[in-house]
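The next block holds one structure in the form of structure tokens; read it before the comments.
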Amino acid sequence: MFKKIISTQTNNVFIISEAKSNFLINISNHNVWKIFNKDIKVNLKILKLLKNLNFINIDDKLIENDHKIEITLNFISNIKNNIKIIPIIFGKTCNKHLLKFCELLKPFISKEENSFILLSYFISKSTNIKKALKLEENLKRILLEEKSPTLNLILENYKSKKIFPENINAIMAISSLFKNFEFTESKITINSPEYLISSSILIK
């Protein structure tokens, strides 16, 4: 899957995870990440741009302790050398901040040297398998329909429990930044008493 995201042209990878510990967008002061015997550099120029936003929080420990980011870095290090990363963790970010953050990212979207990975354990979850499948179906319908969904539409569906992805801010961010999506590798995991449905969402 990561080979579909990171090409020979990729120089920078934005890695976006989620935590519910605050209401900010979190980055760290790391210059480099050590994964086993490899070093992966952080793009300090892009990080400096992010630090100018007034809702950015610097939390080294929060970033370090995110296992999804750690696992992703291990895969990235095996695909391409001399790549730079921008690790980011969304807190319970408000719409206004998320929109402003997406505006800052837009100039990076069209450049082939930049890749984006948004991390989440599941796209739907319920104690009822039929309900979990329905939540997955609703999310697919919203993202795959012709007209790009607004952040408000996604948030309304989330609050009314018509969709239930783990990383709702990531879903809202990709809907704001990108237009075409493909769901692949759907899988159901039983974490008693819950059914978790995971899927890779490829951004085209």
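Residues take their numbers from the sequence shown, with the count starting at 1.
Put simply, NZ on Lys92 and NE2 on His97 are 15.5 Å apart, with the number rounded to the nearest 0.5 Å. Taken to the nearest 0.5 Å, the NZ atom of Lys125 stands 11.0 Å off from the CG atom of Leu135. Distance check, rounded to the nearest 0.5 Å: CD1 of Ile25 to CD1 of Ile27 gives 10.0 Å. Residue Ile203 holds its CD1 atom at 9.5 Å from CD1 of Ile117, rounded to the nearest 0.5 Å. Ile63 contributes atom CD1, which lies 6.0 Å from atom CG of Asn26 (distance to the nearest 0.5 angstrom). Atoms CZ and NZ, from Phe178 and Lys106 in turn, are 11.0 Å apart once rounded to the nearest 0.5 Å.
Between the Lys68 side chain and the Leu119 main chain, no donor and acceptor come within less than 3.5 Å of each other. In this structure, the side chain of Asn74 does not engage the main chain of Ile35 through any donor-acceptor pair within 3.5 Å. With Ser124 contributing its side chain and Ala132 its backbone, the two residues share a donor-acceptor pair below 3.5 Å. In this structure a side-chain-to-backbone donor-acceptor pair under 3.5 Å is missing from Thr127 to Glu194. Between the side chain of Lys80 and the backbone N or O of Ile6 there is no donor-acceptor pair closer than 3.5 Å. Here the side chain of Thr93 pairs a donor or acceptor atom with the backbone of Gly91 at under 3.5 angstrom. With hydrogens and angles ignored, the 3.5 Å screen pairs no side-chain donor or acceptor of Asn157 with any backbone N or O of Ile163. The backbone N or O of Phe108 lies less than 3.5 Å from a partner atom in the side chain of Asn114, making a donor-acceptor pair. A donor-acceptor contact shorter than 3.5 Å is absent between the side chain of Glu166 and the backbone of Ser120.
Neither Ile58 nor Val32 shares a network with the other; the hydrophobic side chains, linked directly or stepwise wherever heavy atoms of I, L, V, M, F, W or Y lie under 4.5 Å apart, form separate groups for each. The hydrophobic clustering, which links ILVMFWY residues whose side-chain heavy atoms are closer than 4.5 Å, places Phe23 and Leu53 apart. The hydrophobic cluster containing Leu153 does not contain Ile201, counting ILVMFWY residues as joined when their side-chain heavy atoms lie under 4.5 angstrom apart, directly or transitively. Cluster annotation: Ile79 and Ile86 are assigned to the same hydrophobic cluster (Ile/Leu/Val/Met/Phe/Trp/Tyr, side-chain heavy-atom contacts under 4.5 Å, transitive). A chain of hydrophobic side-chain contacts below 4.5 Å, direct or via other Ile, Leu, Val, Met, Phe, Trp or Tyr residues, connects Leu99 to Leu104.
At least one side-chain heavy atom of Pro87 sits less than 4.5 Å from a side-chain heavy atom of Trp33. Residues Leu47 and Val42 meet the side-chain proximity criterion, which asks for heavy atoms closer than 4.5 Å. Using a 4.5 Å heavy-atom threshold, the side chains of Ile83 and Ile76 count as touching. Side-chain contact between Ile16 and Asn169 is absent, with no heavy atoms from C-beta onward closer than 4.5 Å. Taking the side chain as every heavy atom from C-beta outward, Ile69 and Ile89 approach each other to under 4.5 Å.
By the ring-ring contact (aromatic ring centres under 6.0 Å, His included) test, Phe122 is found to be paired with no residue, residues two or more places apart in sequence or in another chain being considered.
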Point to revise | Check against side chain to side chain contact (heavy atoms under 4.5 Å, CB included), Tyr195 and Ile190 | key: CA-CA 5 Å; Tyr195 296 90; Ile190 301 173; 3.8 Å; yes

Review point. Could you go step by step and tell me if Leu50 and Ile88 meet the side chain to side chain contact (heavy atoms under 4.5 Å, CB included) rule?
Key: CA-CA 10 Å; Leu50 296 179; Ile88 299 163; 4.0 Å; yes

Point to revise | Intermediate values then yes/no, side chain to side chain contact (heavy atoms under 4.5 Å, CB included), Ser175 and Leu143 | key: CA-CA 7 Å; Ser175 71; Leu143 287 182; 4.1 Å; yes

**Study point:** Lys48 and Lys45: CA distance, side-chain angles, deciding distance, side chain to side chain contact (heavy atoms under 4.5 Å, CB included) verdict
**Key:** CA-CA 5 Å; Lys48 187 177 179 180; Lys45 186 177 179 182; 5.9 Å; no

Check your understanding: When you look at Lys140 and Glu136, which way does the salt bridge (charged side-chain N to carboxylate O under 4.0 Å, His left out) test go after all the steps?
Key -> CA-CA 6 Å; Lys140 286 181 176 179; Glu136 177 195 28; 3.4 Å; yes

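A donor-acceptor pair shorter than 3.5 Å cannot be found between the side chains of Lys134 and Asn128.
The environment of Lys51 atom NZ is dense: over 12 non-hydrogen atoms of other residues, nucleotides or ligands sit within 6.0 angstrom. Annotation: Lys34, atom NZ; neighbour count of heavy atoms from other residues, nucleotides and ligands within 6.0 Å does not exceed 12. By the 6.0 Å contact criterion, CG on Asn82 is open, its count of non-hydrogen atoms from other residues, nucleotides or ligands being 12 or less.
Contact detail for Asn78 and Lys38: the closest heavy-atom pair is OD1-NZ, 3.0 Å. Phe181 and Ile174 make their closest contact through CZ-O, 3.4 Å (heavy atoms, listed as atom of the first residue, atom of the second, distance). Here the shortest heavy-atom pairing between Met172 and Ile154 reads CG-CG2, 3.6 Å.
Salt bridge annotation for Glu18-Lys20: present, with a cationic side-chain nitrogen under 4.0 angstrom from a carboxylate oxygen. Taking a cutoff of 4.0 Å between a charged side-chain nitrogen and a carboxylate oxygen, Lys100 and Glu103 do not qualify as a salt bridge.
The aromatic rings of Phe90 and Phe101 sit perpendicular, their planes meeting at an angle over 60°, well past the 30° parallel limit.
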